[in-house]
Participant: 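The structure under discussion is supplied below as structure tokens; questions concerning it will follow.
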Number of protein chains: 2
Amino acid sequence: MRTNAQKTAFPGPDRQGLILDLINRRQRVSIAEICEAFGISEATARRDLEALDQRGLICKVRGGAIPARRAPAEPPILQRSNQHLEEKQRIARAAAALIQEGETVFLGSGSTVLELARLLRSYNNLTVITNSLPVINELASSGGITLVGLGGVLRSTELSFIGHITEQALSEVRADKVFIGIHAVDVGEGLTNAYLPETLTDRAILKIGREIIVLADHSKCGRVSTARVAPINAVHTLITDTGAPQEFVEALRQVGVRVILA
Amino acid sequence: MRTNAQKTAFPGPDRQGLILDLINRRQRVSIAEICEAFGISEATARRDLEALDQRGLICKVRGGAIPARRAPAEPPILQRSNQHLEEKQRIARAAAALIQEGETVFLGSGSTVLELARLLRSYNNLTVITNSLPVINELASSGGITLVGLGGVLRSTELSFIGHITEQALSEVRADKVFIGIHAVDVGEGLTNAYLPETLTDRAILKIGREIIVLADHSKCGRVSTARVAPINAVHTLITDTGAPQEFVEALRQVGVRVILA
DNA sequence: CGTACAATCGGTCATAATCATTCATCTGAC
DNA sequence: GTCAGATGAATGATTATGACCGATTGTACG
């Protein structure tokens, strides 16, 4: 009866999904650009933005819309992730090079590990276990990855799950490789963190993997923090950047830790 | 039960399989295209889509249908979540009114429950347990809420955690009130969902709370879906909107379910 | 500092497409 | 023949859309 099919447009709600993608990609999109891109009127574009804004997916501003930094709206981790960003990305690339398809890997919390997660989005046939909420968000929509979240009590400053629920879940899983960030690494004191309640969870994490790989930029090297997590010989591989003190790298290698300089 | 085969080339259920293939191949198919392709009326095309949607194989959108599972960006929850948005928000407000500070509540997955989570952001001294990633993101930055994530394997179409890790974590927690959405509610068949593997997790969820509160807009009422989750007497309270059929509400009250019309 | 101008916004309204529902008909099975 | 399920047409309800208009906001200019 009706043969209007070749109407190029995307009716209704699923156009909103495309608009959302557009906004997330371009960071800022004007009403006029949306009208042009989809061949719709200003009123409709406005309504779409209104609907997306209602659901908190974007943030309307005068003249258009910007992404709603909400899920990955990280308080402290956001500030930190810009420090040493270059080094962190290099470290993440070196870490990704250690991962093969078909493997099961654990990713811990921290901004460097998050960079690693970003690189894994396009992988196929990979199982990722994590207790980091930003990592989960980063990989949630990746079709090729089986994502296992650990659960537990959310520590809101770090956006990671910790506690006995986390530890119990850890006892149910195993990983080929464990990638964690750490607050401080020292040859004598080993791995140390700033937050005591997290220690037990960190120790449980170290037990689930055959190979422990620590990601730490040079600002963490040779430092000692409050809470002891594990001795240095728990670490198989440390990936850091070329800014790490030469003698620190040497000392680590002396005690049998493989050190990769990215 | 075996069907007929008449003048049309592709009778009944067989045709639905072909439609499913078509949708999966083309990503988006309009009603009119289906009518043309199979030589059937608009009404029949609609019925086929309805049947496929009920089984969770596709996702109906205005003007046609799209595949249920698709990698890019936000999954069907996005498409679905602005249908009946007004009703959902009213239902969410009625649900929030049942929550007092100091309580521990469980929030399930689904768009209506997500609206409830949005209302809880400003609460103080509240413990929220959830297996829904959107709910976690919504409440992650809320200082007054202790947030317990359940972990498990992430089901990417619904962004919820399911599986035996989830169920084990559930055995560790208890909640004063359990709020869940559901795909379909019927007096005789009770609660039913579209996705079979989720059933065990849903049942485990029902066990952790003293009071089970189901949130379902009127489009879910009197419907039956594929997988049985629980009989109707497992539900203590149903919150729906005023669009629910009067006789449905009456029948529920007859069997002892408290019904709140928002 | 205030005014004028333009862009943008939020709302109403009419229109057309789409949807859900009902009812009558058809087909094949028993 | 009777029956159940499937189908198609018709109907009223719902939704998406675009045009219009007054209100609001931002900005340039005197």
Side-chain angles (χ1 to χ4, degrees), chain A residues 1-19 28-55 58-66, chain B residues 1-19 28-54 58-66 78-89 184 217-224 241-248:
Chain A
M1 39 187 64
R2 186 149 295 291
T3 34
N4 62 350
Q6 66 284 14
K7 195 78 161 34
T8 72
F10 296 82
D14 64 0
R15 183 189 49 234
Q16 293 176 9
L18 298 175
I19 292 177
R28 180 163 213 283
V29 176
S30 74
I31 297 272
E33 285 171 316
I34 295 174
C35 295
E36 177 125 7
F38 295 94
I40 57 178
S41 77
E42 189 178 310
T44 302
R46 239 173 256 291
R47 272 186 282 254
D48 285 340
L49 292 185
E50 176 64 26
L52 290 168
D53 186 65
Q54 275 275 322
R55 285 183 276 158
I58 62 161
C59 192
K60 275 172 67 177
V61 296
R62 190 176 178 82
I66 57 176
Chain B
M1 5 193 43
R2 191 61 265 157
T3 22
N4 44 8
Q6 53 211 60
K7 65 177 200 264
T8 59
F10 307 100
D14 293 341
R15 184 189 52 235
Q16 292 181 10
L18 295 174
I19 292 177
R28 178 169 214 291
V29 176
S30 73
I31 297 272
E33 286 170 318
I34 295 174
C35 294
E36 180 137 359
F38 295 93
I40 57 178
S41 75
E42 191 177 312
T44 303
R46 246 173 249 291
R47 272 186 280 254
D48 285 340
L49 291 186
E50 176 64 25
L52 290 168
D53 185 64
Q54 278 285 317
I58 62 162
C59 189
K60 275 172 66 177
V61 297
R62 190 175 179 83
I66 58 175
L78 180 69
Q79 267 87 30
R80 240 178 276 150
S81 52
N82 65 351
Q83 294 177 350
H84 310 289
L85 182 59
E86 272 298 322
E87 289 92 334
K88 284 171 178 175
Q89 288 177 341
D217 64 66
H218 70 269
S219 72
K220 321 274 177 63
C221 294
R223 297 295 191 82
V224 177
D241 59 87
T242 48
Q246 187 63 36
E247 63 273 17
F248 172 78

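In what follows, chains carry the letters A, B, and so on, assigned in the order in which the sequence lines appear, proteins first and then strands, with residues in each chain numbered from 1.
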Participant: When the distance from CD of B:Glu42 to C1' of C:dA20 is rounded to whole Å, what number comes out?
Facilitator: 11 Å
Participant: Charged N to carboxylate O under 4.0 angstrom, A:Glu50 versus A:Arg46?
Facilitator: no
Participant: Begin with the C-alpha distance, continue with both residues' side-chain angles, and end with the deciding distance and a verdict on side-chain contact (heavy atoms from CB on, under 4.5 Å) for B:Ile19 and B:Phe38.
Facilitator: CA-CA 9 Å; B:Ile19 292 177; B:Phe38 295 93; 3.6 Å; yes
Participant: A side-chain contact here means heavy atoms from C-beta on lying under 4.5 Å apart; do A:Asp48 and A:Ile40 qualify?
Facilitator: yes
Participant: Measure from the side chain of B:Ile31, starting at C-beta and using heavy atoms only, and say which of C:dC19, C:dC9, C:dT22 lies closest.
Facilitator: C:dC19
Participant: From CD of B:Glu33 over to C1' of C:dT18, roughly how many Å is that when rounded to an integer?
Facilitator: 15 Å
Participant: Under 4.0 Å between a side-chain N or O of B:Thr44 and OP1 or OP2 of D:dG8?
Facilitator: yes
Participant: Between C1' on C:dG10 and CG on A:Asp53, what's the gap in Å once rounded to a whole number?
Facilitator: 14 Å
Participant: Going by modelled atom types, is there a donor-acceptor pair between the base of D:dG18 and the side chain of A:Arg46 at under 3.5 Å?
Facilitator: no
Participant: Of the listed nucleotides (D:dA16, D:dT24, D:dA19), which one gets closest to any side-chain atom of A:Arg62?
Facilitator: D:dT24
Participant: Looking only at side-chain atoms of A:Lys60, point me to the closest of C:dC19, D:dG8, C:dG10.
Facilitator: C:dG10
Participant: Going by heavy atoms in the side chains, are B:Ile31 and B:Leu49 under 4.5 Å from each other?
Facilitator: yes
Participant: Roughly how far, to the nearest 0.5 Å, is CD of B:Gln89 from CG of B:Asp241?
Facilitator: 12.5 Å
Participant: Calculate the interatomic distance between B:His218 atom NE2 and C:dA20 atom P; express it in whole Å.
Facilitator: 10 Å
Participant: So does A:Arg47 reach the base of C:dG11 with its side chain, donor to acceptor, closer than 3.5 Å?
Facilitator: no
Participant: Measure CZ/B:Phe38 against C1'/D:dG8 and give the value in whole Å, please.
Facilitator: 17 Å
Participant: Calculate the interatomic distance between A:Arg15 atom CZ and D:dT15 atom P; express it in whole Å.
Facilitator: 16 Å
Participant: Nearest whole angstrom, please: distance from the P of C:dC19 to the CG of B:Asp48.
Facilitator: 14 Å
Participant: Report the distance from atom CG of A:Leu49 to atom P of D:dT17, rounded to the nearest whole Å.
Facilitator: 13 Å
